[in-house]
*Asks:* 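Handing you this structure, nothing more for now.
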Amino acid sequence: MSQKDSASLAERYASLQAELARLEHAYYVLDAPLLPDIEYDRLYRELLDIEAAHPDWITPDSLSQRVGGAALSEFVSVKHAVPMLSLNNAFDDAEVIHFDRRCREGLQASQVEYAGELKFDGLAISLRYENGVLVQAATRGDGASGEDVTANIKTIRAIPLRLQGNAIPVVLEVRGEVFMYLADFAKMNQQAVKQGEKEFANPRNAAAGSLRQLDSKVTAKRPLSFFAYGVGACEPREWLPKTHSQLLDQYMDLGLPVCSERKVLHSVEDMLQFYRDIGAKREGLPYDIDGIVYKVNSFEDQAKLGFVSRAPRFALAHKYPAQEALTTVLGIDVQVGRTGAITPVARLAPVEVGGVTVTNATLHNEDEVRRKDVRIGDTVVVRRAGDVIPEVVSVVLDRRPSSTAAFQMPTRCPVCDSHIERLADEAIARCSGGLFCGAQRKQALIHFAHRRAMDIEGLGEKIVDQLVDNNLVRTPADLYRLGFTAIANLERMGEKSADNLIQAINQSRNTTLARFIFALGIRHVGETTAKDLANHFRDIHALMDASTEMLLTVHDVGPVVADSITSFMQEPHNREVIEQLVASGMQLAVEEKKVSAAVAGKTFVLTGTLPTLSRDEAKERLERAGAKVAGSVSKKTDYVVAGDDAGSKLTKAAELGVQVIDEAALLDLLAQE
Ligand code: 5U1
């Protein structure tokens, strides 16, 4: 590369860094995205490509450094340049009135101005910026020193790796809170359940657990966020404005996230009103808070008031009533979810927690009940936070009655009596009743009718709800016994629609073995595995009777999938439903693989809308001809098949020199012997 080319690439690299930082700030701090994700991804990839060619250009504040690095063996201790203080608490109005009086007396003023803000339920962090670049992040620890969590903090997109603007101090320690939005927390836990992993008890634990990961690649996958609310070291000191509220405005100019729920308060009446106003909307806030923080607004006045031991005299946390209460466990039941997941639930003596009467609390999973050792008769601490389901936090062992027994997970489903299983490495136990279990029935039917399963057009969620709720259908086999009148009598179902649905059900009998196996909804058996199983066993009874050893000989079937299949097939209810389905006249075709030399073993990526073939059809035909169909373009891709409105995959193909073909060329390839 000539010097000139290298200089212009370096310029491009710098402008990409600036542009990506601007986009991240808009997305994560301002919550106002400027470009679609796909365009961000394109620019980000361009940055990575330049860095791959010029690794010596990568600086610690490059946005590519957010992904997490090598795992640590332990956290290094960091001494805070300015101690991280804690706050004195107030639990009622009188204590706030007393605080205001003390501040006024200390400052010999008739009135004091305060900054009011939220007290987030997360983890306090100090971020050290030198010349605008984030160089270190530390937890609060004991206030004098904490742990170096820089690599983990860098993965949080709301935290700028480089401060924006021209007025940047030489040293700035930004203090604030790492937390998790409730919606992100819920999504993360849903995913954990799906993958059989442990759920986090609440957003605070999730944030703390994520930050305490020695492997920052794990932290990078956790949806953490941050709000700035204070300052430690600052050089030059003159950079600081006169008041705390101006400091937060200045932080926003630097690109730091600052919570918008804040207010300058001029009297104790203002303070108590702010507390009540936020209290009224606390339930609807997108994150957990446990109180309000009042700070004397003027930095000069803060300095005059000083500190008592480890808490400042100029600030106060006004706590909301506890979201925790004590009650007794009357029983422990298990609930069966729509995917068969078994969740132990504590039945409680009714207790008011934060203004709501709680009678049930989740115990999450078997391991959690064991860990907390919750027993019937125990006095427990129950917590309710935001919209999260109440949970049992801990047991008060001092109050345990003399004759209690440890919890035993039931071995049979309380809904359908099928056996409960827990696969190796999974935290969640599940009912194996699948097609038969009442709790899973609707979900199983919707999956059964899916376009890529039995393809019963018109059998959507609303109809399934009615069929199940009216006791017309219990298992998929019942669908094939439905009469016209039963369907036509459903709500919002005309004769024509009923007729169409009956036809769709009838037509679905003519299917393939692969679709049928996929339709059964066996855990871990997706479309591809179903195809592999169909090709291997070629008969549903052969699959029903296959041993784990036999299953392990099938392409891509490992112990988890094999165990899941045998467990499903061993359940008499499931076998009965399959037999009934077969007896209803299923035609389960086994497709002959017509391998096409031109495509066999090649990897294809489909993008855009093809003129005649749907995505699924193209995929099916390619796979039948021995090709692999991948979701993204890489060096291993042989062909990208592009239709109308093809997006970034086309750009990627061009970058990597992958051949792009249209539908006609694809059909030609498939037609070759
Ligand atoms: N919002 C806010 N939370 N919080 C926590 N401000 C704030 N300030 C704190 C703490 C511990 O401490 C400083 C006043 C020392």
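For the single chain, residues carry numbers from 1 onward in sequence order. Every number for a ligand or one of its atoms is a count from 1 in the order of the listing.
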*Asks:* Just grab all the ring pair (Phe, Tyr, Trp, His ring centres under 6.0 Å) pairs involving residues 200-236, residues at least two apart or on different chains.
*Replies:* F120-F227, F179-F227, F227-Y287
*Asks:* Going through the distances and angles, do K304 and D301 end up as a salt bridge (charged side-chain N to carboxylate O under 4.0 Å, His left out)?
*Replies:* CA-CA 5 Å; K304 276 188 203 153; D301 288 347; 3.6 Å; yes
*Asks:* So does R262 pair up with D249, basic N to acidic O under 4.0 Å?
*Replies:* yes
*Asks:* Mind checking the CG-CD spacing from L63 to E24? Nearest 0.5 Å is all I need.
*Replies:* 4.5 Å
*Asks:* On the 0 to 90° scale, with breaks at 30° and 60°, tag the Y320-Y275 ring pair as parallel, tilted or perpendicular.
*Replies:* parallel
*Asks:* Taking atom CG of N360 and atom CZ of R347, what is their separation to the nearest 0.5 Å?
*Replies:* 4.5 Å
*Asks:* List below, pair by pair, the N or O atoms of ligand 1 and of the protein that are less than 3.5 Å apart, including the distance to 0.1 Å; reply 'none' if no pair qualifies.
*Replies:*
residue, atom, partner, partner atom, Å
ligand 1, 1 (N), E117, OE2, 3.0
ligand 1, 1 (N), L118, O, 2.8
ligand 1, 6 (N), E117, OE2, 3.1
ligand 1, 6 (N), K295, NZ, 2.8
ligand 1, 8 (N), K295, NZ, 3.4

